[in-house]
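Below, chain A is the first sequence line, B the second, and so on; all start at residue 1.
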2 protein chains.
Amino acid sequence: MTQLDLGQPDLGERTAEPSPKLGRKRDHTRDPEILSAALEVLAETGYDGMTIDMVAARAKAGKATLYRRWASKGELVIDAVACMKKGDLDDAKLPDTGTLRGDLIAMIRPHSIEDGEKKLQIMAGLMSMLSRAPELAEAANAAIVEPRAAANRVLMRRAMDRGEISADSDVDTLSLITPSMAAYRVLILRKPVDRDFLVSLIDGVLLPAVGLAHPGTDHR
Amino acid sequence: MTQLDLGQPDLGERTAEPSPKLGRKRDHTRDPEILSAALEVLAETGYDGMTIDMVAARAKAGKATLYRRWASKGELVIDAVACMKKGDLDDAKLPDTGTLRGDLIAMIRPHSIEDGEKKLQIMAGLMSMLSRAPELAEAANAAIVEPRAAANRVLMRRAMDRGEISADSDVDTLSLITPSMAAYRVLILRKPVDRDFLVSLIDGVLLPAVGLAHPGTDHR
DNA sequence: AAGATCCGGAACTCCACAGTATCGTATAAG
DNA sequence: CTTATACGATACTGTGGAGTTCCGGATCTT
């Protein structure tokens, strides 16, 4: 089956544990390992390539354990994708260097690059499902590209408040340039999204688009 | 099976018909219908969701006919994707209105929008395979995004020759903005790529990035 | 220690799809 | 008309994965 077929998605909600009377408490303590195993397999093989046995093996769990916790492969995947949002760039501990370029460059860190590539692989694995599972499309967007776009929006709005860039820049659209071009580069071109590439995007596209041209910027 | 498993890809080459001695000639006259049926199914269900029976039914052909012509599902898909390149915006019959903006706007036509969305659906269906089948990734890029990017490059270089835009604009990167942001919008956001969206991309991102700012452009 | 519950493992059923084989028919060549 | 070929349809086989069931052992509670 290629469908997700979650009758009533039941996305997110956990049917309130009634009363763990006796024996070991019903802790579901293996959930994180299982979900992260699912994400790994998802990134490596895609939704259709992923089998429940792969996930179970990776998490060193039994297949039955997965089915005790999730009704189907589809629900497991949705949960895994949703539980990935927690990410790194949560709050306003974004860089604040005083210039837009400084902030954008400061966002380029080895960890975020690595993390971004893995997330894109996951997105690729889900791609073909997105048209038939809108809730999955939403979850994937919220977990993978929105966080980064949101960070970019914050940085650009700050620059706007400082008067560094024009007030009628289309921030919502501009904040998507880096994510979507990185996606194209990784997924289709199969080239690495390294520091040099990101810097050239910032200096060659983003800053010019926002009115901060740099005749002499030598992309370094 | 989720793999493509083409032993020796044999991509493209048709083993030179030796000698159709007798009977009906070995014309392979149904190939186009079959390939286009394959593309339709691919766009609707993705690689793993697509079955040979679906393609055969869609093309009103027998399953055996497909296997007489292609050794496996994978080869059929590769052929179908490759045979899609022939597209529309081949030669230099691109618009030439005298301004970059005029040219870019003139490229927006109902047909190209529709065609572009279908191609993106196909790309989505192939996405999860791309990491394991480099030749497929190349074919998909050559057939789907490269043609459009190439057209954009031509228009921008013309503008450069006219002196309309700065000579050190990063044309190669800028030409990818529209394709990749359109892909994001269709595949992940699941919103339509209509004329308004494309115009706002041109006026809000591309032209500003290239130094043609427009304080008064009201995106119409 | 006794009792209850959860876990990992493994065997099992069921079904969908890739790929093969067969057959009757349509069509073109001779 | 005869003959060879390609075609569409359909029945068949084999495999792999989703989901289920069962069991022995581990772990917590009392």
Side-chain angles (χ1 to χ4, degrees), chain A residues 1-7 17-35 37-38 41-42 44-78 80 125 128-129, chain B residues 1-7 14-15 17-34 37-38 41-42 44-80 125 128-129:
Chain A
M1 183 86 75
T2 300
Q3 292 297 9
L4 268 185
D5 70 0
L6 342 147
E17 321 280 297
S19 53
K21 288 196 270 266
L22 283 169
R24 174 198 281 180
K25 72 170 176 290
R26 188 181 262 261
D27 50 5
H28 285 303
T29 205
R30 302 291 319 276
D31 280 18
E33 287 101 314
I34 295 174
L35 289 173
V41 178
L42 209 48
E44 290 165 20
T45 70
Y47 179 86
D48 296 281
M50 155 179 164
T51 71
I52 298 291
D53 297 80
M54 286 184 200
V55 178
R58 182 78 57 114
K60 279 191 260 295
K63 185 155 61 149
T65 304
L66 302 211
Y67 278 104
R68 278 179 205 118
R69 180 72 178 72
W70 292 277
S72 70
K73 176 178 170 180
E75 294 200 14
L76 168 62
V77 168
I78 290 198
S128 57
M129 312 294 302
Chain B
M1 180 88 74
T2 301
Q3 292 298 9
L4 269 184
D5 69 357
L6 341 146
R14 204 54 53 228
T15 57
E17 320 281 296
S19 51
K21 289 198 269 271
L22 284 170
R24 174 201 279 181
K25 72 167 173 294
R26 189 181 261 263
D27 49 7
H28 285 303
T29 203
R30 301 292 320 275
D31 282 18
E33 287 101 313
I34 295 175
V41 177
L42 209 48
E44 290 164 21
T45 72
Y47 179 85
D48 295 281
M50 157 179 162
T51 71
I52 298 292
D53 297 81
M54 286 185 203
V55 178
R58 183 76 59 111
K60 279 191 260 291
K63 186 154 63 149
T65 304
L66 303 212
Y67 279 103
R68 279 181 205 116
R69 178 71 177 70
W70 291 277
S72 70
K73 176 179 169 181
E75 293 200 14
L76 168 62
V77 167
I78 290 198
D79 241 34
S128 57
M129 313 294 302

Spacing of A/W70 atom CH2 relative to D/dA18 atom C1', expressed in whole Å:
16 Å
Between C/dA18 (P) and B/D53 (CG): distance, integer Å
7 Å
Could you check how far CG of A/L66 sits from C1' of D/dT20, rounded to whole Å?
13 Å
Nearest 0.5 angstrom please: B/S128 OG to B/Y47 OH, how far?
9.5 Å
Test side-chain contact (heavy atoms from CB on, under 4.5 Å) applied to B/W70 and B/I52, B/L76, B/V77, the passing residue:
B/L76
Is the closest side-chain heavy-atom distance between B/T45 and B/M54 below 4.5 Å?
yes
A/K73 NZ - D/dG19 P separation (whole Å):
8 Å
If I take atom CG in residue A/D48 and atom P in nucleotide D/dA18, what distance separates them, rounded to the nearest angstrom?
10 Å
Separation between CG (B/D48) and CE (B/M129), nearest 0.5 Å, reads 6.0 Å
Protein-nucleotide distance (B/L76, atom CG; C/dG19, atom C1'), rounded to Å:
13 Å
Can I get a per-line list of side-chain donor-acceptor pairs under 3.5 Å for residues 55-64 of chain A, giving both atom names and the distance, sequence neighbours left out?
residue, atom, partner, partner atom, Å
A/R58, NH1, A/E40, OE1, 2.7
A/R58, NH1, A/E44, OE2, 3.1
A/R58, NH2, A/E44, OE1, 2.8

Expressed in angstrom and rounded to an integer, what is the separation of B/M54 atom CE from D/dA9 atom C1'?
19 Å
For B/A80, enumerate each residue passing the side-chain contact (heavy atoms from CB on, under 4.5 Å) test, keeping only those at least two apart in sequence or located in another chain.
B/L35, B/A38, B/L39
C/dG19 phosphate, OP1 or OP2, under 4.0 Å from B/Y67 side-chain N/O
yes
Close N or O pairs between protein and nucleotides 8-12 of chain C (under 3.5 Å):
residue, atom, partner, partner atom, Å
C/dG8, OP1, A/R30, NH1, 2.2
C/dG8, OP2, A/T65, OG1, 2.5
C/dG8, O6, A/R68, NH2, 3.0

